[in-house]
Amino acid sequence: MIIDAHCDVLLKIWERNISFFDSEELQVNYVNWKKSPVKVQCFAIFVPEEVPEERQFHSALEMVNIFYKKIIDPYPDIKMIRSKEDILSLKEQEKGAILTLEGCHSIGRDISKMETFIQLGVKAVGLTWNQSNAVADGILEKRGAGVSSFGEEIIDLLNKAKVWTDLSHISYKGFFDAVELADYPMASHSNAKKLASHPRNLDDRQIHKLIEKNGWIGVTFEPDFIKDGPNPSYKDVFYHIDYFLQMGAEKCLGFGSDFDGTTGPTLRLNNQLDYDYLLDGLPHFCSREQIEYITHRNFIEKFPD
Ligand SMILES: [Zn+2]
């Protein structure tokens with residue numbers, strides 16, 4: 001059983017109006033999901049930066065609509081997950097879907113828009129994408145500022161509402177500001193910077209901090225995050241897992257594939273079915289107990305409830 005903390009299916013369906021059922025353009029679709037070991041999948045609302053500011057909240061709500069209309073409502077065996085209990089009570093044939101938000105740009109400076117997202121079922125909120133917004137700077141904003149006063153209000157709201165604060169994409173300074181404030185910090189799709197130098201990957205100081213703060217880290221399959229050189233493969237994912245384990249992250253680790261959001265192929269990690277390759281290889285790198293923690297147990301135990 002796998003829990004995957006990040007995919008961009010909602011964006012692809014929103015952009016291309018394709019079918020969730022079996023579209024070959026999707027790395028996560030219903031047919032593959034049913035056959036795969038993924039039990040719970042997170043679906044991110046992500047509004048591209050090209051969307052004009054005044055349309056962003058509206059576009060985000062359109063993606064919420066897609067989540068309910070195309071993923072939850074048509075399939076009796078897909079259950080919306082809002083609590084730990086919802087995960088634990090999934091039946092054998094059922095799958096769980098979690099709604100998340102990637103980047104707070106779509107709320108502007110309006111905290112009530114965040115309240116709306118939470119009421120609609122959002123369980124993890126990425127404070128930024130790569131650019132800056134009213135909450136904090138993203139990792140590619142040159143200014144590199146931390147969390148704003150408005151951002152502090154947002155994190156406070158997330159804590160009270162028992163929602164994860166997702167630090168993948170935030171600026172380096174913002175990371176350390178936010179990780180101190182958040183009751184439920186996570187980095188839903190980031191790898192180890194020691195093994196791949198992408199700016200979105202976590203350095204040792206960040207990894208230590210997430211461990212210290214009882215956070216959660218999702219190993220991701222984006223080629224640039226896996227390896228600096230050519231031909232990234234599923235095998236390289238094991239090195240990241242091994243590295244995180246050496247750092248002491250065994251109770252913080254999981255997966256956040258970024259399926260349907262990645263920029264290129266990673267050998268044998270083309271869709272949810274390919275988690276089987278990881279499950280086959282993991283016993284060479286971790287104990288049975290560690291596999292249980294990494295594949296799902298850490299996510300469930302830390303799920304804000
Ligand atoms: Zn992302």
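No experiment lies behind these values; they were computed from the predicted model shown. Read the numbers this way: they start at 1 and go in the same order the structure lists the ligands and their atoms. Residue numbers run from 1 in the order of the sequence given.
H6 lies apart from the Zn ion (ligand 1) in this respect, since none of its N, O or S atoms is found at a distance under 2.8 Å.
Other residues, nucleotides and ligands place no more than 12 heavy atoms under 6.0 Å from the CD atom of E289.
Side-chain contact, N17 with K70: a donor N or O sits under 3.5 Å from an acceptor N or O. Using modelled atom types, one finds no donor on one side chain facing an acceptor on the other under 3.5 Å when comparing E292 with H296.
Within H189, the N, O or S atom at minimum distance from the Zn ion (ligand 1) carries the name NE2. When the Zn ion (ligand 1) is compared with the N/O/S atoms of E102, atom OE2 turns out nearest.
Ion pairing of E222 with R200 is absent here, as no side-chain N (NZ or NE/NH1/NH2) approaches a carboxylate O to less than 4.0 Å.
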